[in-house]
Amino acid sequence: MRIDITIGEQRFHATLSDSAAARDLVAQLPVTVDMTDHGGVEKTGALPSPLSLDGQPEGADPDVGDLGYYAPGNDLVLYYGDQAYYPGIVILGRLDETAAQQISAMNGSVTATIEASGE
């Protein structure tokens with residue numbers, strides 16, 4: 001499943017993995033998430049409802065460009081820097097091409113609208 005993420009005038013695409021958590025995210029779309037910068041490696045923001053953790057490992061080591069979910073905070077996460085393994089992280093999918101680099105250039109808090117892709 002492809003999704004669109006719009007922040008300001010910029011639109012990014014992501015491809016979701018086939019998981020219970022990703023399906024739960026799709027069921028909430030469209031959604032607007034206020035995101036803050038966390039640790040200079042990610043933008044995080046709370047989702048309206050928790051995502052399923054069925055079939056997920058206890059944690060993950062996300063790569064730059066991953067789209068994730070931080071279960072303890074119910075946060076959607078856009079990884080633009082290197083984050084180490086951490087319990088509670090679920091990888092939902094991948095941002096396309098240069099999205100992580102563009103997101104890293106956005107200072108401070110942002111508002112992201114996530115919706116099913118028309119592609």
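By convention here, the first residue in the shown sequence is residue 1.
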Pair up each side-chain donor or acceptor in residues 29-37 with any protein partner under 3.5 Å, not counting sequence neighbours, and list the distances.
residue: T32; atom: OG1; partner: T113; partner atom: OG1; Å: 3.3
residue: D34; atom: OD1; partner: T111; partner atom: OG1; Å: 2.9
residue: D37; atom: OD1; partner: K43; partner atom: NZ; Å: 3.3
residue: D37; atom: OD1; partner: Y80; partner atom: OH; Å: 2.3
residue: D37; atom: OD2; partner: G40; partner atom: N; Å: 3.4
residue: D37; atom: OD2; partner: Y80; partner atom: OH; Å: 3.2

List, one per line, each side-chain donor-acceptor pair under 3.5 Å for residues 18-26, sequence neighbours excluded.
residue: D18; atom: OD1; partner: R23; partner atom: NH1; Å: 2.6
residue: S19; atom: OG; partner: A22; partner atom: N; Å: 3.1
residue: D24; atom: OD2; partner: S52; partner atom: N; Å: 2.6

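The side-chain heavy atoms of I89 and Y79, taken from C-beta on, include a pair separated by under 4.5 Å. Side-chain contact check for Y70 versus T44: every heavy-atom pair is 4.5 Å or farther apart.
Taking both residues in full, the closest heavy atoms of L95 and A99 are given as CB-CB, 3.8 Å, listed atom of the first, atom of the second, then distance. A116 approaches M1 most closely through the heavy-atom pair CB-CE, 3.6 Å. The shortest non-hydrogen separation linking R94 to G65 is NH1-C, 3.3 Å. V64 approaches D82 most closely through the heavy-atom pair CG2-N, 3.9 Å. Taking each heavy atom of A14 and I5 in turn, the nearest pair found is CB-CD1, 4.4 Å.
Residues passing the side-chain contact (heavy atoms from CB on, under 4.5 Å) test with T15, sequence neighbours excluded: R2, D96. Taking D61 as the reference, Y85 meet the side-chain contact (heavy atoms from CB on, under 4.5 Å) condition, with sequence neighbours excluded. Applying the side-chain contact (heavy atoms from CB on, under 4.5 Å) criterion to P50, with sequence neighbours excluded, gives Y69, N74. Contacts of E115 classified as salt bridge (Lys or Arg N to Asp or Glu O under 4.0 Å), with partners at least two apart in sequence or in another chain: R11.
The distance from the CD1 atom of I114 to the CG atom of L47 is 7.0 Å, given to the nearest 0.5 Å.
In this structure, the side chain of Q28 engages the main chain of S49 through a donor-acceptor pair within 3.5 Å.
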